[in-house]
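In what follows, every chain begins at residue 1, and chains take the letters A, B, ... in the order their sequences are listed. Computed from a prediction, not measured in an experiment: that's the story for all the values here.
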2 protein chains.
Amino acid sequence: MLSWISSGAFSTQQQFPSERDLENAFKVSRMTIRRALSELVEEGYLYREQGRGSFVARPRLEHQLGRLTSFTEDMKLRNLATDSIILNRTVVNDRDVAKRMGISDEDKFVRLDRIRLIGDQPAAIQATFVRHVLAPDLVDQELVEGSLYRTLEVIYGLEIGHAEQAIEAKPADEYEAEMLKVSRYSPVLALERLTFLRNGEPVEFVRSTFRGDRYRFVVALKR
Amino acid sequence: MLSWISSGAFSTQQQFPSERDLENAFKVSRMTIRRALSELVEEGYLYREQGRGSFVARPRLEHQLGRLTSFTEDMKLRNLATDSIILNRTVVNDRDVAKRMGISDEDKFVRLDRIRLIGDQPAAIQATFVRHVLAPDLVDQELVEGSLYRTLEVIYGLEIGHAEQAIEAKPADEYEAEMLKVSRYSPVLALERLTFLRNGEPVEFVRSTFRGDRYRFVVALKR
DNA sequence: AAGTGGTCTAGACCACGTT
DNA sequence: ACGTGGTCTAGACCACTTA
């Protein structure tokens, strides 16, 4: 509603109209103005100082703040051509993954093994485990826009909420070396991600291995 | 104000009192209730569905959502004893770093070289560049609680806003190998972080190298 | 139809910075 | 003293879900 003002011509470096001014200018109540301004602050376009006023922040970030994106979406953001080879789709049990999710050993997963390409070079291998109850026929489902997340959202109506992600550096093992076409022991990024629905239920666990020289993780943080 | 309700005894798995109920129960207006609820949603304790109600989410996260913490603060969170050896404090020019910050080549930095210990083992080496104009006598300033961020906040009144952080895996070079006591070419995490004040001005640039086997990055993301 | 969350209004008082 | 953002009130109407 108000976002236009800042995105557009207003990009000076300094003072922004006061809330009372905007209230008059836009003929809406002050609470509404404040909600809109809060969003702009949240997105990093403005900052406010009590008693002084609101100011336009210096423009920022190639990346959104602590935002969860899939590999596909991430690459699209950076305008990199991406492709993905599906090695396997199976329904499996996995005690390890079940434990990580805090669910029963009996629960099945749809396991998806993929190689991720940037351009036509392998950049990562990924093993994804989606809870079978939540996406029953995922094994033979075409992926929406090639993206698992989009598929979960569009086909299964699952609302993805948040994730916890851990990253570490380790030497490539034999399998990884072969798949990524790097020499053994060369540094790779090992990523584990546990994804939850909006209600806090776990949906997905991903184990990925990225080539150290082809991929870097960028993340925005706020204090 | 309201946070007690959820943090405390209310931790069932389901329905939360409606906004109208809470309004009566707490004798505050609905807008106030809604603001409080929004915070709880933001923090991941609740989720809401229009037309259905508010619900208690399954508890989450060892880590805060996309939060910026320093090494010291981070380790304190995880209850790990940490120490830090300061190798060097100098005032320098650095074209590279200046460029990354988008400021003039002429601007000086306070450069701080440190080795970070977990327990008594080296876990990382860090070179930190703080803009000299913003923290003039930082070179001979005692660090508040051993933390640079706390020092910037408390001594210099700088309000840290956000950061962009990139992580990649690479083989240790000769210097890193020696300092971290690992063999050459063993995998390490290279981290670069650019930190900004609330108004968007850059303050700090950090280049860190972490031992791959001693440190893993955990981050929470939301969709 | 009734109950839920989502949005908005038109005021009020407070805390803080600047003058 | 004045202008700023921060918080709150007591209502209203809308969109959506469930029965």
In this structure, how many angstroms lie between the [atom2] atom of [N] and the [atom1] atom of [X], rounded?
{"X": "A/Glu49", "N": "C/dG17", "atom1": "CD", "atom2": "C1'", "value": "10 Å"}
{"X": "A/Glu159", "N": "C/dG5", "atom1": "CD", "atom2": "P", "value": "16 Å"}
{"X": "B/Gln15", "N": "D/dT17", "atom1": "CD", "atom2": "P", "value": "15 Å"}
{"X": "A/Glu39", "N": "D/dG5", "atom1": "CD", "atom2": "C1'", "value": "17 Å"}
{"X": "B/Glu19", "N": "D/dA10", "atom1": "CD", "atom2": "P", "value": "16 Å"}
{"X": "A/Tyr47", "N": "D/dT4", "atom1": "OH", "atom2": "C1'", "value": "14 Å"}
{"X": "A/Ile33", "N": "D/dG6", "atom1": "CD1", "atom2": "C1'", "value": "16 Å"}
{"X": "B/Phe26", "N": "D/dT9", "atom1": "CZ", "atom2": "P", "value": "12 Å"}

Nucleotide of [options] approaching [X] most closely (side-chain heavy atoms):
{"X": "A/Thr32", "options": "C/dC8, D/dC16, D/dG5", "result": "C/dC8"}
{"X": "A/Arg30", "options": "C/dG5, C/dC16, D/dT7", "result": "D/dT7"}
{"X": "A/Arg35", "options": "C/dC8, D/dC8, C/dG5", "result": "C/dC8"}
{"X": "A/Arg20", "options": "C/dC8, C/dC13, C/dG6", "result": "C/dC13"}

Distance, nearest 0.5 Å, that separates CZ of A/Arg207 from CG of A/Leu194: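 Between atom CZ of A/Arg207 and atom CG of A/Leu194 there are 11.5 Å.
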Straight-line distance of A/Leu197 CG to A/Leu152 CG, nearest 0.5 Å: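 One gets 8.5 Å once the value is rounded to the nearest 0.5 Å.
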Working for side chain to side chain contact (heavy atoms under 4.5 Å, CB included), residues B/Val203 and B/Arg131: CA-CA 6 Å; B/Val203 220; B/Arg131 285 176 66 196; 5.6 Å; no
Residue met sooner reading DNA chain C from 5', once B/Ser18 and B/Met31 are mapped to nucleotides: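 This one resolves to B/Ser18.
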Closest contact, heavy atoms only, A/Ala163 versus A/Arg193: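 Minimum heavy-atom separation between A/Ala163 and A/Arg193: CB-CG, 3.9 Å.
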First of B/Gly51 and A/Ser54 reached from the 5' end of DNA chain D, by closest nucleotide: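 Nearest nucleotide further toward 5': that of A/Ser54.
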Does [N] have OP1 or OP2 sitting under 4.0 Å from an N or O in the side chain of [X]?
{"X": "A/Ser29", "N": "C/dG11", "result": "no"}
{"X": "A/Arg48", "N": "D/dT4", "result": "no"}
{"X": "B/Arg52", "N": "D/dC16", "result": "no"}

Rounded (10°) bend between the five-pair end axes of the helix from C/dA1-D/dT18 to C/dT18-D/dA1: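 The helix from C/dA1-D/dT18 to C/dT18-D/dA1 shows an end-to-end axis angle of 0°.
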CA sep, side-chain torsions, deciding dist, call: A/Met101, A/Phe205, side chain to side chain contact (heavy atoms under 4.5 Å, CB included): CA-CA 8 Å; A/Met101 288 194 178; A/Phe205 179 78; 3.8 Å; yes
Side chain to side chain contact (heavy atoms under 4.5 Å, CB included) between A/Tyr215 and A/Ile118, intermediate numbers included: CA-CA 9 Å; A/Tyr215 201 74; A/Ile118 298 180; 4.1 Å; yes
Residues B/Phe55, B/Tyr47; criterion ring pair (Phe, Tyr, Trp, His ring centres under 6.0 Å); working and verdict: CA-CA 6 Å; B/Phe55 306 86; B/Tyr47 64 101; 5.5 Å; yes
